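Everything on this sheet refers to the single structure shown next.
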Amino acid sequence: MRETANHDALPDLLLDWYDVHAREMPWRVGPEARKMGVRPDPYRVWMSEIMLQQTTVATVRDYFLRFVTLWPTVGDLAAAEDADVMGEWAGLGYYARARNLLKCARVVVTEHGGAFPADHAELLKLPGIGPYTAAAVSSIAFDLPYTVLDGNVERVMARLYDIHTPLPAAKPALMDKAEALTPPARPGDYAQAVMDLGATICSPKSPACGICPWRDPCAARVAGTQNGLPKKTPKKAKPVRHGTVYLAQREDGAWLLETRPEKGLLGGMLGWPGSDWVDTEHARPQGTPPVAADWSDLNGEVRHTFTHFHLMLTVKTAQVPEHAEPRRGTFLPREQFRPSDLPTVMRKAFDLSQG
DNA sequence: AATCCGGGGGT
DNA sequence: ACCCCAGGATT
């Protein structure tokens with residue numbers, strides 16, 4: 001009987017903890033306003049949730065503030081130039097998120113009158129909004145009783161119920177537990193509370209069980225298995241690929257750059273022309289230079305790791321005359337070129353060329 | 001169900 | 001070197 005009573009008390013235990021320990025974030029409302037029932041701006045909640053996909057709060061904060069300063073409303077964002085948005089996103093990674101961010105803003109303006117729908121099914125239809133984000137916006141922005149399941153919640157549930165099934169197979173079971181726990185009152189605060197708990201106390205390594213509001217009911221803590229949970233199926237090793245990029249600067253200072261194709265790696269981002277990137281067992285590819293010139297190899301190479309492979313890039317540089325006609329890419333005037341608009345691997349190549 | 005898709009920070 | 005992170009789209 002005591003177990004049932006404890007189970008029913010779990011949400012309130014966590015909400016009481018959250019009322020005291022909620023982390024401050026630019027897209028949240030403060031504790032005073034929260035008590036008055038003030039909801040956060042759905043635009044800011046959505047923006048933060050897109051940026052927070054596979055990205056830490058510390059990394060997102062500055063990008064978020066920059067975006068909402070440049071584009072305070074979804075209408076402002078919908079009217080922005082694609083290149084401006086992609087440039088501001090540079091360095092944050094997973095660039096499909098930025099393309100979908102713009103698509104979504106424009107759909108919200110054209111099909112929803114410039115306001116995010118307070119409707120889980122409608123949110124789920126929007127570009128870049130999947131099961132997690134639809135639940136997050138529904139609960140956090142609109143206080144609707146939907147359950148978020150992110151890496152934090154998975155870890156907390158796996159420990160709270162001492163579930164040893166490895167991820168991702170365990171996801172349905174973890175979702176069942178998370179849904180059963182979601183309270184009808186304050187579901188938005190509750191959703192953020194579980195994630196805050198996972199991000200601060202119920203951390204992947206060395207969780208601080210001693211100060212956890214769910215210390216007593218936690219099955220893994222009782223069993224002493226919390227450090228090994230959640231279990232995960234092993235992932236395969238990353239292959240190594242090689243390639244070459246060409247950095248051409250015209251005599252007037254303009255740089256030869258190209259916008260990468262919309263789909264695929266670094267899609268829609270600015271980059272240096274270059275070869276394909278191929279597995280290391282093949283010869284190092286040089287490709288075809290984007291413009292006729294006297295190319296020279298830079299000392300050293302660029303090393304970069306993507307989600308599923310390591311890349312080693314040879315960097316070639318050349319000065320070209322004003323009348324040069326490239327077979328690939330466009331010369332971008334020196335004053336329009338911002339290295340910060342480049343994705344990190346391309347910025348590394350630029351940095352190498354600048355010594 | 002598997003694979004693709006970045007980058008940074010912690011350990 | 002490996003792991004983790006407020007996942008979604010595509011095949």
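Lettering of chains follows the sequences in order, A, B, ..., and the numbering in each one begins at 1. Bear in mind that the values here come from a model prediction, so they are computed numbers and not experimental data. These values consider heavy atoms only, across backbone and side chains, with no hydrogens, waters or symmetry-generated copies.
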Taking side chain as C-beta onward, heavy atoms only, is P207(A) less than 4.5 Å from I201(A)? no
Could you check whether R347(A) pairs with D351(A) (Lys NZ or Arg NE/NH1/NH2 to Asp/Glu carboxylate O, under 4.0 Å)? yes
Is a side-chain donor-acceptor pair under 3.5 Å present for D297(A) with T314(A)? no
Using modelled atom types only, decide if a donor and an acceptor are shared between the side chain of R260(A) and the backbone of L265(A) within a distance under 3.5 Å. yes
For the P atoms, the ones on dA6(C) and on dT11(B), what distance do you get once it is rounded to whole angstrom? 14 Å
Comparing nearest nucleotides in DNA chain C, the 5'-proximal residue of the pair M195(A), G128(A) is M195(A)
Going by purine N1 to pyrimidine N3 plus the second Watson-Crick contact, or the G-U wobble pair, all under 3.5 Å, which nucleotide sits opposite dG6(B)? none
side-chain hydrogen bond (donor to acceptor under 3.5 Å, both in side chains) pairs touching residues 167-181 of chain A, sequence neighbours excluded, are E154(A)-K171(A)
Heavy atoms of other groups near N299(A) CG, more than 12 under 6.0 Å: no
Sugar-phosphate atoms are those with a prime plus P, OP1 and OP2; base atoms are the rest. Using that split, label each nucleotide of nucleotides 2-11 of chain B B, S or - for protein heavy atoms under 4.0 Å, 5' to 3'. --SBBBS---
Contacts to DNA chain C from residues 140-158 of chain A, heavy-atom cutoff under 4.0 Å, which residues? D150(A), G151(A), N152(A), R155(A)
Without decimals, in angstroms, what is the distance between L52(A) CG and dC4(C) P? 19 Å
Ion pair check, R338(A) and E88(A), cut-off under 4.0 Å: yes
For D41(A), is there an ion pair with R44(A) - N to carboxylate O distance below 4.0 angstrom? no
Closest nucleotide among dA6(C), dG8(C), dC4(C) to the T133(A) side chain: dG8(C)
Looking only at atom P, what distance separates dT11(C) and dG6(B), rounded to whole Å? 16 Å
